[in-house]
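First listed ligand is number 1; within each ligand, the first listed atom is number 1.
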Amino acid sequence: MKPLIPTLLLLLLHHIHFSTSQSPSQPPTPSGPTNVTAILEKAGQYTTFIRLMKSTQVADQINTQLNNSQSNGLTLFAPTDNAFSSLPAGTMNSLTDQQKVALIQFHVLPTFMSVAAFQTASNPLRTQAGNANNGQYPLNVTTDGNRAVNVTTGVVNATVSNTVYSDGQLAVYGLDKVLLPLAIFGPASAAPAPAPSGGGKGSKPSSSASGDTSADGSGDASDSGVRDGKGLAMVGVLIWWLVRMI
Ligand SMILES: *[C@@H]1O[C@H](CO)[C@@H](O)[C@H](O)[C@H]1NC(C)=O
Ligand SMILES: *[C@@H]1O[C@H](CO)[C@@H](O)[C@H](O)[C@H]1NC(C)=O
Ligand SMILES: *[C@@H]1O[C@H](CO)[C@@H](O)[C@H](O)[C@H]1NC(C)=O
Ligand SMILES: *[C@@H]1O[C@H](CO)[C@@H](O)[C@H](O)[C@H]1NC(C)=O
Ligand SMILES: *[C@@H]1O[C@H](CO)[C@@H](O)[C@H](O)[C@H]1NC(C)=O
């Protein structure tokens, strides 16, 4: 038993080093082709969207398109982690792999669009999910002549909370809601959809006033707090065990 102890100590030290060196590391400024995953990681609070972009391979598609000099650029609507966690329970799990791909592609416009460009855009916009006909994947944008931008799918109304990134080729906008397309969540489809209420106005007070940018990064902080707590508990158990061995 005794020779085990140095090994365990090493493991312990390794764990402590691993958990402390994780959080402060900022990815270096990306050189070379634009990397949409790196941009979202740096912004924080988009971990669910990043995971889905990776698992559906839409992230790879986007990076490949951005690296093509012929492209007209891309626009990405990125729902925050809060947007995903406020979906009804089981919403994402009820989707097939194909529907997940369509859902993520629905958040991508095949051209670069500045905030100003939204003011003159004609609805419905075409997304990378394809067919923008009613009942399929239409996406409407409304602006108020200022910098406020709303996005509606016919199932949800979302508000652009901030510009995460914009370089003339790729624009990334933060969104307070997940864009649920009619094709998957509309009244005619099988998946659970929020009932289209008949114009009940103030029934659901939205907290998203256009001036509110205070939410930046807060979701990310609580996430890593949970992870650190788990790590600490593991270290505690190891120490307790070591003490008993000696
Ligand atoms: C993009 O960035 C992510 C996260 O920083 C990294 O894991 C991935 O390897 C990068 N992809 C490319 C093609 O550089
Ligand atoms: C980007 O495009 C160039 C030229 O087309 C190619 O050589 C390079 O491998 C591409 N890089 C990535 C990360 O796709
Ligand atoms: C966007 O939606 C919010 C409510 O969700 C509303 O108060 C605001 O007027 C809308 N703005 C535009 C430009 O449609
Ligand atoms: C989107 O805009 C089109 C064209 O103005 C309109 O016909 C359609 O009803 C709108 N859909 C939604 C959900 O607002
Ligand atoms: C979205 O906004 C429109 C008015 O702009 C409203 O008629 C509709 O009920 C809203 N839908 C949801 C799901 O809140």
Side-chain angles (χ1 to χ4, degrees), residues 21-74 76-78 81 103-104 106-109 113 117-127 129-144 148-160 164-165 167 169-170 172 175 177-189 193-201 204 206 217 220 223-224:
S21 63
Q22 231 176 4
S23 27
S25 65
Q26 286 280 338
T29 330
S31 55
T34 313
N35 181 338
V36 72
T37 322
I39 288 167
L40 286 170
E41 268 177 12
K42 202 173 162 202
Q45 70 175 331
Y46 299 103
T47 54
T48 309
F49 191 58
I50 291 170
R51 185 161 46 73
L52 284 164
M53 289 218 309
K54 283 183 179 166
S55 66
T56 57
Q57 292 175 359
V58 173
D60 292 338
Q61 287 170 23
I62 289 177
N63 287 338
T64 304
Q65 277 166 341
L66 289 173
N67 189 35
N68 177 352
S69 52
Q70 312 289 311
S71 108
N72 294 319
L74 290 170
L76 182 67
F77 292 111
D81 290 333
L103 177 78
I104 300 307
F106 191 50
H107 289 72
V108 186
L109 307 178
M113 290 189 80
F118 285 129
Q119 293 173 10
T120 53
S122 68
N123 288 326
L125 298 183
R126 194 179 165 80
T127 70
N131 193 336
N133 291 337
N134 191 28
Q136 291 300 307
Y137 294 92
L139 195 71
N140 284 7
V141 170
T142 56
T143 62
D144 64 358
V149 179
N150 284 354
V151 185
T152 176
T153 71
V155 180
V156 290
N157 299 332
T159 297
V160 168
V164 175
Y165 180 86
D167 66 2
Q169 200 206 6
L170 172 68
V172 181
L175 214 57
K177 300 237 176 65
V178 180
L179 298 175
L180 305 178
L182 278 169
I184 303 175
F185 295 93
S189 67
S197 61
K201 275 190 182 159
K204 212 178 185 185
S206 162
D220 195 48
D223 261 357
S224 56

Next item on the list: Answer yes if a protein heavy atom lies under 4.0 Å from atom 11 (N) of ligand 2, otherwise answer no.
Entry: yes
Check: Looking at atom 5 (O) of ligand 2, is any protein heavy atom nearer than 4.0 Å to it?
Finding: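 Protein heavy atom within 4.0 Å of atom 5 (O) of ligand 2: absent.
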Side chains of [X] and [Y]: closer than 4.5 Å at any heavy-atom pair?
| X | Y | value |
| --- | --- | --- |
| Ile62 | Val58 | yes |
| Leu66 | Asn35 | no |
| Leu103 | Pro181 | yes |

Check: In terms of residue, atom name and distance, what is the protein heavy atom nearest to atom 14 (O) of ligand 2?
Finding: Asn67 ND2, 3.2 Å
Check: Which protein heavy atom lies closest to atom 13 (C) of ligand 2, and at what distance to 0.1 Å?
Finding: Pro33 CG, 3.8 Å
Check: Looking at Leu139, Asn140, Leu182, Ile184, which hits side-chain contact (heavy atoms from CB on, under 4.5 Å) with Thr153?
Finding: Leu139
Margin query: Could you check whether atom CD of Gln169 has more than 12 heavy atoms from other residues, nucleotides or ligands sitting under 6.0 Å from it?
Written below: yes
Check: If you draw a 6.0 Å radius around CG in Asn134, do more than 12 non-hydrogen atoms from other residues or ligands fall strictly inside?
Finding: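 No, because the 6.0 Å sphere around CG of Asn134 holds 12 heavy atoms or fewer from other groups.
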Next item on the list: Considering the heavy atoms of Gly154, write down every atom of ligand 4 situated less than 4.0 Å from one of them.
Entry: 13 (C)
Notebook entry, point to check: Which of the atoms of ligand 4 are close to Asn123, meaning less than 4.0 Å from one of its heavy atoms?
Noted result: 2 (O), 4 (C)
Next item on the list: Measure from atom 8 (C) of ligand 1 to every heavy atom in Asp60, Asn35, Thr64, Ile39 and give the option owning the shortest one.
Entry: Asn35
Check: Of Asn134, Asn140, Thr152, Leu139, which has the heavy atom at the shortest distance from atom 3 (C) of ligand 4?
Finding: Asn140
Next item on the list: State whether the shortest distance between N or O atoms of Glu41 and N or O atoms of ligand 1 falls below 3.5 angstrom.
Entry: yes
Next item on the list: Name the orientation class of the two ring planes belonging to Phe49 and His107 (parallel below 30°, tilted from 30 to 60°, perpendicular beyond 60°).
Entry: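 The rings of Phe49 and His107 sit tilted, inter-plane angle from 30° to 60°.
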